[in-house]
Amino acid sequence: MPSNDVRILAQAAVPTAAVGAVAAVVSGVVAGGKGAIGAGVATLVVILFMGIGLYVLQRTAKSLPHLFQAMGLMLYAAQILLLFVFLAAFKNTTLFHPKAFALTLVVSTLTWIAAQTRAHMKSKILYVEPDSGTKPEKSGHSS
């Protein structure tokens, strides 16, 4: 993974982890230990899903740029499906507090999106790969 991609990943994951830690503390105070566990699990789910998604999109952009938009849409659908499977698997769980999980999932996702957007806006990504050392040939009339 190129350093620019790692930088964007870190700039999105760190604020999300910080918000998740705050949510775990608040959930722990409000809903007890199960609330803290729910917030922690939600934060991990967001960081894993979004991190893997960012990695896949960056690889697609570099190797198959013509499929980038379609891959983004497919990835979004896959993330929603995987989240549905996760929620269905833990539908009646007593391991964590479901409301703390749900609220932290939403807040962490919004934090990731905002942080990733900020990271992309601040990064200096070239739209065109510059040629190295080649000069364009003169065109037109030769005098």
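Since the model is a prediction, treat every value here as computed from it, not as a measurement.
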Trainee: Using modelled atom types and a 3.5 Å cut-off, is there a donor and acceptor pairing between side-chain atoms of Q11 and backbone atoms of A115?
Mentor: no
Trainee: Do the side chains of H120 and I8 get nearer than 4.5 Å, heavy atoms only?
Mentor: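 A side-chain contact exists here, since the closest heavy-atom pair is under 4.5 Å.
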Trainee: If hydrophobic clusters are built from ILVMFWY residues whose side chains come within less than 4.5 Å, do L82 and F86 share one?
Mentor: yes
Trainee: Counting heavy atoms not belonging to Y76, are there more than 12 under 6.0 Å from its OH?
Mentor: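 Incorrect, the count does not exceed 12.
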Trainee: Quick one: list whatever passes side-chain contact (heavy atoms from CB on, under 4.5 Å) with L87, sequence neighbours left out.
Mentor: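 Listed in chain order: L83, F101.
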Trainee: What is the distance from atom OG of S27 to atom CD1 of I37, rounded to the nearest 0.5 Å?
Mentor: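 Taking OG in S27 and CD1 in I37, the distance rounds to 11.5 Å.
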Trainee: Do M71 and M74 touch side chain to side chain, with heavy atoms closer than 4.5 Å?
Mentor: yes
Trainee: Can you list the residues that meet the ring-ring contact (aromatic ring centres under 6.0 Å, His included) rule with F68, with sequence neighbours excluded?
Mentor: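 Scan of F68 (ring-ring contact (aromatic ring centres under 6.0 Å, His included), adjacent residues dropped) gives none.
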Trainee: Mind checking who shares a hydrophobic cluster with V19, ILVMFWY linked at side-chain heavy-atom distances under 4.5 Å?
Mentor: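 Reading the cluster by chain and number, V19 sits alongside V107.
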Trainee: Checking M50 against I113 for the side chain to side chain contact (heavy atoms under 4.5 Å, CB included) test, could you report, in this order, the C-alpha distance in whole Å, the side-chain angles of both residues, the deciding distance, and whether it holds?
Mentor: CA-CA 9 Å; M50 301 298 257; I113 291 169; 4.0 Å; yes
Trainee: Quick one: CG on L48 to OG1 on T43, what's the gap to the nearest 0.5 Å?
Mentor: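 Going from the CG atom of L48 to the OG1 atom of T43 covers 11.0 Å.
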Trainee: Go through the structure and list residues passing side-chain contact (heavy atoms from CB on, under 4.5 Å) with V26, not counting sequence neighbours.
Mentor: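 Scan of V26 (side-chain contact (heavy atoms from CB on, under 4.5 Å), adjacent residues dropped) gives V22, V30.
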Trainee: Please report the C-alpha distance between K34 and L95 in whole Å, then the side-chain angles of each, then the deciding distance to 0.1 Å, and finally whether the side chain to side chain contact (heavy atoms under 4.5 Å, CB included) criterion is met.
Mentor: CA-CA 7 Å; K34 290 187 180 199; L95 176 63; over 6 Å; no
Trainee: Please give me the minimum heavy-atom distance between P15 and A12, naming the atom from each residue.
Mentor: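 Shortest heavy-atom contact: CD-O, 3.6 Å.
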Trainee: Which atom pair, heavy atoms only, marks the closest approach of G35 to A100?
Mentor: O-CB, 3.6 Å
Trainee: Working to the nearest 0.5 angstrom, can you tell me the gap between L75 CG and F49 CZ?
Mentor: 10.5 Å
Trainee: If you look only at pairs with a residue in residues 82-96, which of them pass as a side chain to side chain donor-acceptor pair (under 3.5 Å), with sequence neighbours excluded?
Mentor: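 As it turns out, there is no side chain to side chain donor-acceptor pair (under 3.5 Å) pair with a partner in residues 82-96 once direct neighbours are skipped.
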Trainee: To the closest 0.5 Å, what do you measure between CG (L9) and CD1 (I52)?
Mentor: 10.5 Å
Trainee: For the residue pair Y55 and V6, establish whether any side-chain heavy-atom pair is separated by less than 4.5 Å.
Mentor: no
Trainee: Can you hop from L44 to V46 via hydrophobic side chains spaced under 4.5 Å?
Mentor: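 Different hydrophobic clusters.
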Trainee: Connecting only ILVMFWY residues whose side-chain heavy atoms lie within less than 4.5 Å of each other, what is the rest of L64's hydrophobic cluster?
Mentor: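 Traced through the cluster, L64 reaches L67.
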